[in-house]
2 protein chains.
Amino acid sequence: MKTPSEKSNGKPVNRKLYAPLAAHEVELAQFFVRMANILGIQRSVAEIYSLLYASPKPMEFDQIQGRLEMSKGSVSQGLKFLRDHGMILAIKEKGTKRERWEPTPSLAGSLVNILRSQVLPSLEKSKPTLQNVLDFATARAAAPEVIERIARLQRWNSRAVELSALLLPPPADE
Amino acid sequence: MKTPSEKSNGKPVNRKLYAPLAAHEVELAQFFVRMANILGIQRSVAEIYSLLYASPKPMEFDQIQGRLEMSKGSVSQGLKFLRDHGMILAIKEKGTKRERWEPTPSLAGSLVNILRSQVLPSLEKSKPTLQNVLDFATARAAAPEVIERIARLQRWNSRAVELSALLLPPPADE
DNA sequence: GCCTAAGTTCAATTTTTAATGAAAATTCTG
DNA sequence: CAGAATTTTCATTAAAAATTGAACTTAGGC
């Protein structure tokens, strides 16, 4: 007969196998969640990153899932996001199957990656939109002050795109 | 007998009284909604601002509600947000009861106000949190590299707060 | 000072976004 | 290359956020 700590396949359930978060881990997560909110990044991603950030050694999938009591799906998606944005690195030891994860050394670099992917696309997408608006408004003979306002917006947006591209240059390789 | 365009109090319903949005107004709203997303501001607020921005003259409550086909509650809350962040100004003409609204001349100033209220508080709230984390971690004799990471985070945060306070100074009066 | 028009508030509802977990896909390992 | 272990995918569910509208409040006109 199976104990409650076993699934039908005999594999032990994660619950209770991993230590609950320590006080400093909880507070650090609060910090990262706040920062993530500003950037429009979801809580689960911030929690994963925070855990890795406070860990003295790289962590593997099941540890992350167990200590955060989070679903497999969320861990998988969270790690994917962090990987895609260059925020974590895989440490692959020979002889082991599972990968282990740690934060990339440069948090600054990670931030730049995030900003580039979260903010720049919106700015760039706006260029043609604003040109359209200006064309429309001109064609309909809108009030001159309105046309001037829109033109100002367009100049702003262009400068913002240029500035961002300068501050957030794409990585040389990849 | 009442027509369908009248309510029981005899006051005409707004529907059909106001022109639907023109193409350039729709596209401009898309632009402002995108920018609002970056800043974590809701769609309805962006739409109201956009409408005022594209209007050659100040607009009153009912016009805004009618042209955007938006509820009274949303218009009221949206105008409150825009007012509170110095993004719109009330034009009060003598002899009229209703106020009319227009965007403040300086969009740059408005942006600064938004950033100050949306971003700064998170940065500032983090200062004590990070100090706590550091204290906790030290007390538990966490790994030195973890302590170093957290200390670095704390220095970053402090500098971010200082820099923000510098770039986004509070208005002199009010 | 009453009455009505104008605007605000907030509980209920709708919409949007994030998390879950079972099934599918992939990847080592023997 | 079979088979198990690990991870990913994605339809479903749950949670969070935004919107609505009716009741309430406030401000002006008479």
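Treat the numbers as computed from the prediction; the structure is a model and nothing was measured. Only this structure's heavy atoms are used, side chains among them; waters, hydrogens and symmetry mates stay out. Numbered from 1 within each chain, the chains take letters A, B, ... in sequence-line order.
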>> Expressed as a whole number of angstroms, how long is the span from Lys92(B):NZ to dA6(C):P?
In response: 13 Å
Side-chain atoms of residues 145-153 of chain A: list all donor-acceptor pairs with protein atoms under 3.5 Å, sequence neighbours left out, distances to 0.1 Å.
from	atom 1	to	atom 2	distance (Å)
Glu148(A)	OE2	Arg155(A)	NH2	3.4
Arg149(A)	NH1	Leu52(B)	O	3.3
Arg149(A)	NH1	Tyr53(B)	O	2.6
Arg149(A)	NH1	Ser55(B)	O	3.2

> Can any side-chain N or O of Glu124(A) pair as donor or acceptor with the backbone N or O of Pro121(A) at less than 3.5 Å?
Replying inline: no
>> Are Ser74(B) and Gln42(B) packed together at the side-chain level, in the sense that at least one heavy-atom pair is separated by less than 4.5 angstrom?
In response: no
>> Any side-chain N or O of Ser71(A) below 4.0 angstrom from OP1/OP2 of dA19(C)?
In response: no
> Whole Å only: how far is the CZ atom of Phe61(A) from the P atom of dC28(C)?
Replying inline: 15 Å
>> Nearest whole Å is fine: how far is dT8(D) C1' from Phe81(A) CZ?
In response: 18 Å
> How do Ser76(A) and Asn37(A) order along DNA chain D: which one's closest nucleotide is nearer the 5' end?
Replying inline: Ser76(A)
> Looking only at side-chain N and O atoms, does Gln77(A) come under 4.0 Å of OP1 or OP2 in dT9(D)?
Replying inline: no
> So, does the side chain of Lys72(B) form a donor-acceptor pair with the base of dG7(C) at under 3.5 Å?
Replying inline: yes
> Between atom CD in Glu69(B) and atom C1' in dT19(D), what is the gap in whole Å?
Replying inline: 15 Å
>> When you measure from the side-chain N and O atoms of Ser74(A) to the phosphate of dT20(C), is any distance below 4.0 Å, counting only OP1 and OP2?
In response: yes
> Could a donor-acceptor pair under 3.5 angstrom be found where the side chain of Lys80(A) meets the base of dT8(D)?
Replying inline: no
>> Side chains of Met87(B) and Val45(B), heavy atoms from C-beta outward: is any pair under 4.5 Å?
In response: no
> Met70(B) or Arg83(A): which one's nearest nucleotide on DNA chain D is closer to the 5' end?
Replying inline: Arg83(A)
>> Can you confirm whether Tyr49(B) sits close enough to Leu28(B) that some side-chain heavy atom of one is under 4.5 Å from a side-chain heavy atom of the other?
In response: no
>> Whole angstroms only, please: what is the CD1-P distance between Ile88(A) and dT7(D)?
In response: 12 Å
> Over how many whole Å does the gap from Asp62(B) atom CG to dG7(C) atom P extend?
Replying inline: 7 Å
>> Using whole Å, what does the distance between atom P of nucleotide dT16(C) and atom CZ of Arg43(B) come to?
In response: 8 Å
> Within this structure, what is the CD-to-C1' distance between Gln42(B) and dT20(D), rounded to whole angstrom?
Replying inline: 13 Å
